[in-house]
Amino acid sequence: MSSDNIDGKMERIKALRAEIAMHDERYYRAADPLISDFEYDLLKAELKALEAACPDADLSNSPSQKVGDDRNAGFEKFKHRVPMQSLDNTYSEGEFLDFCKRIEKELPPSEMLFLVEPKIDGCSVSYIYENGKFVRALTRGNGIEGDDISRHIPNIAGVPETLKAIPGKPFPHFVEIRGEIYMTTAEFLRINARREADGLELFANPRNLTAGTIKSQDPNESRRRRLSTYVYGLGACEPAGTFTSLSELRAMLADWGFPLTAFCARVTGGEAAAGQIRLLDEARKNFDYPTDGAVIKLDKLAHQRIFGEKSHAPRWAIAYKFAPEQAETTLRAITLQIGRTGKITPVAELDPVEVAGTTVSRATLHNEDEIARKDLRVGDRVIIEKAGEIIPQVVRFVPEKRDPASTSFSFAQALKNAGIEAERPVRFIDPARPEKGTEQIAAWYLKEKDSPEIRSRRLLYFASKPCMNIPNLGESVSAQLVARGLVTVPADLYALTFDQLMTLEKFQQKSAQNLLDGIAASRSRGLACLLNAVGIPNVGAATARDIAKKFRTLDAVASATAEELQDVEGVGEVVALSIVEYFADPKNREHCERLKAAGVVTEEQGAEDAVPAAAQVFAGKTFVLTGTLPTLKRDEAKAIIEKWGGKVSGSVSKKTSVVLAGEDAGSKLEKARELGIEIIDEAAFLKSVPASDSVPAENAVPALQNPVPAPSDELPLF
Ligand code: IVH
C-alpha cells in the first residue's frame, strides 16, 4: 500500500471516529440521534473495514471497540458484575455465513446449536435479583457500570417484583437478567396520534422515545408512556453453573414470570439459522414491538466460552439486521409550517412515493441546521427511509443526480419570501449554570406575537371546527374583522352587531345573520372546546377534552397546580406548566373573564365521556364498510363512526358519504367508484378521527400516511 494511500485512510479513520463518537453521544446519551440506524451502521462498517486495512491504526480509543455510553447525571451508578456488551452486526447473508464458518472451525456442524431471536429495538437493561427479590435495574451505561433506573420499573409491564417460586429449584442468590425495555408500536402510535391532535411535533421512533422516557428522573414519565420488556440473557449468576444453556435459561425465565419473545428458534447449523432469519423477517411484520433484525447466538454456555469475547462484543453471537426500506423521490419544495407555539418547522414536500407500504409525500426536516447538515436543495433526488418502519425521514440527497446549478436552501430567505418575521431565540446552555453561556436554539420562532396576521389566525383557530365551530368564519372574514378593528381578541366576537357584519365585503343580510347565529351558538360548545380554542401552548383537542373531563369548570382549570394537572392521563410536566403559565398571565385571565361575561359556557356539560357536539367529526356523514380492514373489526369501526356522529349503512347509494374499504372489497367498492363516492382505507379513516380513537387494538400496526401534523389549523397562539 502506498504511503499516500495509507495517509488518506488514516485521515478518513480519524474523521469517521470523530463523527461516530458524536453520533454515539446523540444516540445513547441524548436519545436524539441525527441519522438513521442504517446510516450509522454504514459509517461504523466503513470504519471497521479501514481499521482492518491499516494494522497500525491504534484501536484503543476507537468507537469501533466500545459499546457507547448511555449514563446520565442524576442517576446512581452501579457496576455490572459481568460487563454488558454490544453485538457485532451485519446486513449481509454472506457475512453471516462467514460468522458461521468461524464457529465451524471449533465446533462440528452437528454441535452448532443456535438460538435465533428477534432483535428488539429498545434499550438494554440488566435486572438484578437476590434470592428471587428484585433489587435494581441498570442501563448498559458504558458496559462496565450503568444508571440505576429502578424508579421506572414498577411502571414497566411484566417485570416481576418477586420471582415465581418453582418447587425443587431454589432461586439463585444473585442473578443479572439481561433484556430490553421497549415500547409497543401501538403505544407509540397512541402517543403520536395524541401529539398530532395537540399540534405537536411527532416523535421519530419508539426506541428514542423509550430511551428518552427511562432517562427521565421522573417516574411519572414511564407511567404515562407505557413501556414493556423482554428478557433474553444472563450476566452474573450465583451459584455459577445454575444454567448450562440459553434455552434452559429461557424456560426458567418464563417460569419465573418474565415476558419472552414468542419467536425463538433453536436450530443446528448456519443454513438452518439463515432460514429462521428469513422467516423472522416475514413474521416481524405482525409483531407489536419494533425489531430491527435477528440475533443469532450459540445456545450452550460451554460453547460460548470456547469463543469468548472481544472488547465490546461476544464472538459467539451476531446481529443480522434488516435493511430499512428506502425509496428515491424528488424534493419538490421545502415549506414552512407554523406550530401552535409559533415554532416554524421546515417540511419536505415530496413527489409521492411508496415506502414500506404507505405513500409518503411529506416529511419533517426538523430545523434549519438539519437541512444544512444534509445539504438538501429543492429539486434534489432524495432517499426516504422509514426507520423503525413508522415515520419517514429524508436521509440524504443523491449526489450523482444533483443539478449543478442548484443552490442551497436559505431558511432566512424562505421566511422573507413568506413575509414571516422570525428569530432563533437564545437560551442558557445550562439554566442552572448561567456562567456556561448561551446558545442559539435550532428552531425559528415567530417574532411578533400580536400582529394583525397573528390575531386573525388566532381568531380563525378559535372559530375552527374542533374549537368553537363557527361555520361562516373563514380566512377572509377573520382578516377583515381584525383589519377593521372589530375584533382584537376572540371574546370581541360576542359583541359584534348585525350592522357591523353588514360592512364586511360581500356580506348581505343572510350571511350576516348566519354568522351572528353561528357566533351565538358557539357559546354553548362547552369547556373542552373552549380550552382548545383559547390556544394554550401544547394543549390541543385531545388534552383539552381530558382536562375538561376531570376539572369540569374553567375556574377549576385556571386554579389547578401543575401537580394536579399532571394527574390527568397524558398531561406531563411540559403541558402542565404551559397551562399554569397561561393562567398566570393577567391578559389571558382577563380574556377568559370576558368570554364568561359574554355568556360563553365555561363548564363541561353532559356525561363524562360524551363527545362534544363540535367534535362530532362525522356528523351528517353516512359510511358504508366493505372488505376486511387490516386491524379494525367491523363493529369497532362502526362504533367509532357512531361515536363521532356518523351513521353506517349496509349498501352504497347516492346518499353514501364515504366508503371505508379493506382487502377483498367487492361490488360495493365498484358501485362507490361508479357514483364517485369518496373511498378511504383504514389508515386514512383513523387519521380522520380524534386521537383517542385513532389507535386500534394492540398488535395492530396501522401506517401513518402523513407524519407531519396538519398545518391547516396549526395556528400560532400565545
Ligand atoms: S443478546 C452480549 N438478544 O441488541 C450481548 N441482544 O446491538 C448479547 N438486543 O446490547 C445480547 N434484542 O441490547 C440479545 N434478542 C436479543 C436482543 C438483543 C435486542 C440488543 C441488546 C444488545 C444490542 C446490540
Side-chain angles (χ1 to χ4, degrees), residues 20 23-24 27-28 31 33 37-38 40-41 44-45 48 63-70 80-91 99 114-127 137-144 146-147 149 176-183 206-207 210-211 214 227-236 243 245-247 249-250 253-254 258-266 273 276-277 280-281 283-284 287 289-299 301 303-305 307-322 388:
I20 291 170
H23 288 309
D24 278 343
Y27 181 90
Y28 289 109
D37 290 2
F38 184 57
Y40 172 87
D41 287 335
K44 216 155 179 183
K48 283 188 178 170
S64 66
Q65 309 299 311
K66 291 197 217 156
V67 301
D69 191 349
D70 66 32
H80 302 299
R81 286 213 196 158
V82 167
M84 287 181 81
Q85 293 195 297
S86 172
L87 283 172
D88 278 341
N89 71 41
T90 178
Y91 288 86
F99 160 81
F114 284 122
L115 286 192
V116 181
E117 287 175 1
K119 183 171 189 307
I120 306 130
D121 196 10
C123 300
S124 7
V125 62
S126 181
Y127 298 114
L138 301 176
T139 67
R140 187 169 70 184
N142 62 352
I144 305 297
D147 284 349
I149 52 160
E176 290 175 325
I177 294 160
R178 303 283 160 82
E180 202 84 355
I181 297 175
Y182 69 92
M183 181 180 281
R207 187 267 161 199
T210 302
I214 58 175
L227 298 176
S228 311
T229 196
Y230 279 131
V231 291
Y232 46 68
L234 189 65
F243 301 103
S245 69
L246 288 177
S247 38
L249 169 74
R250 214 179 128 86
L253 290 172
F258 281 102
L260 302 164
T261 58
F263 190 113
C264 177
R266 191 153 162 259
Q276 289 300 324
I277 296 172
L280 176 59
D281 194 13
R284 76 193 179 109
F287 292 172
Y289 56 92
T291 45
D292 54 352
V295 181
I296 305 92
K297 35 195 165 182
L298 281 175
D299 185 30
L301 305 192
H303 289 167
Q304 293 180 1
R305 284 190 282 273
F307 294 91
E309 275 90 29
K310 295 182 276 186
S311 61
H312 65 288
R315 289 198 190 83
W316 44 263
I318 191 165
Y320 182 93
K321 292 182 74 172
F322 303 122

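As the structure lists them, so they are numbered: ligands from 1, and atoms in each ligand from 1. The figures that follow rest on heavy atoms only: side chains count, while hydrogens, waters and symmetry mates do not. The residues of the chain are indexed from 1 along the displayed sequence.
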ring-ring contact (aromatic ring centres under 6.0 Å, His included) against Tyr182, all qualifying residues, sequence neighbours excluded: Tyr230, Tyr289
Criterion side chain to side chain donor-acceptor pair (under 3.5 Å) on Asp299 and Ser247, from CA distance to verdict: CA-CA 6 Å; Asp299 185 30; Ser247 38; 2.6 Å; yes
Asp88/Lys48 salt bridge by N-O under 4.0 Å criterion: yes
Shell of residues surrounding ligand 1, defined by a 4.0 angstrom heavy-atom cut-off that is strict: Gln85, Ser86, Leu87, Glu117, Pro118, Lys119, Ile120, Ser124, Arg140, Glu180, Tyr232, Val295, Lys297, Pro314
Heavy-atom closest contact (Asp121 atom, Glu180 atom, distance): C-OE2, 4.4 Å
Which residues share a side-chain contact (heavy atoms from CB on, under 4.5 Å) with Thr210, sequence neighbours left out: Cys123, Ile181, Met183, Leu227
Sequence-distant partners of Phe307, ring-ring contact (aromatic ring centres under 6.0 Å, His included), two or more places apart: none
